[in-house]
Every structure is written in C-alpha cells, then in structure tokens.
Amino acid sequence: MQSENAAEYDDVLEEGRVNHQDRIVREKLDRRIRPYFLITGFLFAFLLVETYRWYMNIPPMPIVVFGLFLASVVFVAYQLADYKDHFRFLRLGKRGEPLLHDVIKLYSDQTGSSVYKNVVMGKQKVDYVVANQAGVVLVNVCDWRTPSNDEAIINYDDEQILLNGYRPDANPIEPLKNVKQWIENKLYASLGKPIDVECLVVFPEWFVRTPDEEVVVRVINPREMEKVLEERSSVLSDNDKTLLNYHIAKLINKNRNGNA
C-alpha cells in the first residue's frame, strides 16, 4: 500500500513538472513571439490592400508598406532564431536526466566505457563517472527548477555561475573542480602519467551561454552532451585503459567503504 502511494505521489510530481514547463512555453509565446506575428500579419494585410489600390490606379503606391513588411519579416526571423534554442532547451528540460542517461549509455556502448552512477569521489558526490581511452569525464546534473516568469539563462565563468544574473546559494562548479584535482592526483600516483579529466555540469531546463575563455568545468545543456563526448580523443592504450578502469573502480569502492 505504501509503495502504491509513493508511486502515485511520484506521478503527481511528474505531472506538475511537465505542466510547469508547458506553462513556461506558453508564457514565452505570449510575451515574445505572438506580437511579432500579429504585427507582421497586419502589415501583410495592409500590403494586400495597398497593392489592390495600386493595381486599380488608386494611389498611393505600396512600395513604402512593402519595405515595412520586409523589415518586419527580417525582424521576426531574427527573433525566432534567437529564441528557438530557448524552446528546444525547455522541451529537453521536460525529459531531464533520463535523456542524459540515454546519451551516456549510448556513448558507453559505442566506446566500451565504464560508467559509474551516483558515487562519491574525494568526499564529493558525482552523478556520473565515465572512464575510457579518452580519460575520465565527471558529470553532475543540476535539476534546478526554472523561474516561471523569467528567461532561465545561465552565464558562467571558471569560478561561478549566474542564474538570470543572480548568484545561487550553492556553487555547482567548485565541487567538481575539487574532484578533478583529487582524482588527477590519485590516478597520477597510481598510473605514473597524467590522465585527462573533464568536468561537466548539466542543466536540463536552462539556456546556457558559453563563455569565450577556457574553463576547468564546463556548464552545458543535455543536447550538447553527445557532441562533447564525441569530441574526446582516444589517447590511452588498451593496457592503460584497463589500468584506468581498475583504479577508478578501486577509488570508488574505497569511498563506499569510507577508507579513502
């Protein structure tokens, strides 16, 4: 009985989450997109009327209205191009972590990667640890709810992120930087060579603006995950890969037993 209630509660939460994202999409359509279509439709109708008047030798000429119509089309196309990623990210946010899990699973199947989920590394929780011949990838998923009345935009640098211009109480970048340094030191001591460790913070429901400068921890959206993983080059030999998997598993087991 208790498990049935828990399942029902989870269903309610999921339904509320989907409805929340749908409401954001509708609000963005109302505030950002529909006015442009209304204006363009009005100008197009005005263009037809003026063209008819011109054809019937009734002044004025439609050239001015036609110019305004073209200008409005260019403006609307620009706005749509600017906001199309926002809507795509919101749709991805409705699926959230399962989408990310599918990408990682597909990548691991194709590359023979070892994947560890929900582990502790260097006293920090890591959602995914992926190890293969390209090195190690650390992934944390920040399932933070987006505001219903704002743009849900992330700006970040190598030290901190800003959510719509505000600094959050928790900094998701610093923990992964600590894990990166910890695991690099452990692997170097075990393997005698540096291992590339890439850190990713994934925000399923947010529009992420990538900084121009290089960063230690990258903040991305789920749609970028596949591209980021595929860009990693295989630099380790089969023997080094086997050793890497062995020592990663060893570090994880030590942390589980509280001996690291």
Side-chain angles (χ1 to χ4, degrees), residues 21 24-25 28 78 80-119 121 126-144 146 151-164 171-177 179-180 183-184 187 194-236 240-241 244-245 248:
Q21 292 300 318
I24 294 176
V25 172
K28 285 185 178 293
Y78 172 79
L80 288 176
D82 185 44
Y83 283 97
K84 66 179 181 179
D85 284 340
H86 292 248
F87 294 113
R88 184 182 298 114
F89 292 163
L90 285 170
R91 287 195 299 270
L92 288 174
K94 294 171 68 174
R95 286 175 281 177
E97 188 173 341
L99 173 67
L100 180 65
H101 175 75
D102 293 342
V103 172
I104 292 178
K105 184 178 186 304
L106 177 62
Y107 174 75
S108 65
D109 292 341
Q110 293 175 344
T111 60
S113 305
S114 297
V115 179
Y116 306 90
K117 185 176 180 180
N118 296 327
V119 299
M121 305 289 284
V126 181
D127 292 331
Y128 294 94
V129 177
V130 183
N132 56 27
Q133 287 181 293
V136 178
V137 181
L138 309 175
V139 183
N140 270 352
V141 182
C142 288
D143 195 14
W144 296 359
T146 56
E151 293 291 348
I153 295 176
I154 289 178
N155 293 278
Y156 76 101
D157 54 28
D158 212 15
E159 299 298 330
Q160 183 59 270
I161 69 168
L162 297 177
L163 310 180
N164 293 325
N171 180 3
I173 291 179
E174 193 62 32
L176 275 189
K177 290 175 68 175
V179 176
K180 174 182 171 69
I183 198 171
E184 283 178 341
L187 292 177
I195 299 296
D196 180 53
V197 179
E198 184 164 7
C199 300
L200 304 173
V201 177
V202 183
F203 279 86
E205 300 182 17
W206 294 76
F207 182 90
V208 181
R209 286 179 173 162
T210 305
D212 296 330
E213 67 274 8
E214 292 291 330
V215 291
V216 175
V217 178
R218 297 174 61 181
V219 180
I220 64 173
N221 196 269
R223 75 156 190 165
E224 300 175 280
M225 189 68 183
E226 185 175 358
K227 177 182 176 182
V228 170
L229 292 175
E230 289 179 350
E231 287 177 347
R232 294 177 56 79
S233 302
S234 298
V235 295
L236 300 177
D240 287 337
K241 174 190 173 184
L244 173 63
N245 289 334
I248 287 290

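Here the shortest heavy-atom pairing between Ile220 and Met225 reads CD1-SD, 3.8 Å. Across all non-hydrogen atoms, the minimal contact from Gly135 to Ile195 is CA-CG2, 4.0 Å.
Considering only heavy atoms from C-beta on, Val137 stays 4.5 Å or farther from Val129 through its side chain. Side-chain contact check for Leu200 versus Leu138: every heavy-atom pair is 4.5 Å or farther apart. Looking at Pro172 and Asn140, their side chains never come closer than 4.5 Å, going by heavy atoms from C-beta outward. Contact of the Val201 side chain with the Arg218 side chain is not registered, since no non-hydrogen atoms from C-beta on lie closer than 4.5 Å. Here the side chains of Lys180 and Val216 are in contact, with some heavy-atom distance below 4.5 Å. Side-chain atoms of Val139 and Val126, non-hydrogen and from C-beta on, never get closer than 4.5 Å to each other. Between Phe203 and Val141, every side-chain heavy-atom pair lies at or beyond the 4.5 Å cut-off. Annotation: side chain of Val208 is in contact with side chain of Tyr156 (closest heavy-atom distance under 4.5 Å).
Scored by the salt bridge (Lys or Arg N to Asp or Glu O under 4.0 Å) test, Glu230 finds no partners at all (sequence neighbours excluded). Considering only residues two or more places apart in sequence or on other chains, Glu159 meets the side chain to side chain contact (heavy atoms under 4.5 Å, CB included) condition with Asp157, Glu174, Lys177. With sequence neighbours excluded, the residues forming a side chain to side chain contact (heavy atoms under 4.5 Å, CB included) with Ser234 are Gln133, listed by chain and number. Every residue was checked against the side-chain hydrogen bond (donor to acceptor under 3.5 Å, both in side chains) condition with Lys241, not counting sequence neighbours, and none meets it. Scored by the side chain to side chain contact (heavy atoms under 4.5 Å, CB included) test, Asp196 finds Arg232 as partners (sequence neighbours excluded). Residues meeting the side chain to side chain contact (heavy atoms under 4.5 Å, CB included) test with Ser113, sequence neighbours left out: Tyr107, Ser108, Thr111, Val130, Asn132. Asn171 meets the side-chain hydrogen bond (donor to acceptor under 3.5 Å, both in side chains) test with no other residue; sequence neighbours excluded.
If you take CD1 on Ile154 and CG on Leu162, they are separated by 9.5 Å, rounding to the nearest 0.5 Å. Separation of atoms CG (Asp127) and CD1 (Ile104) is listed at 9.0 Å; rounding is to 0.5 Å.
For Glu184, the CD atom is densely surrounded, since the number of other residues' heavy atoms within 6.0 Å is greater than 12. Atom CD of Glu214 has 12 or fewer neighbouring heavy atoms from other residues, nucleotides or ligands inside a 6.0 Å radius.
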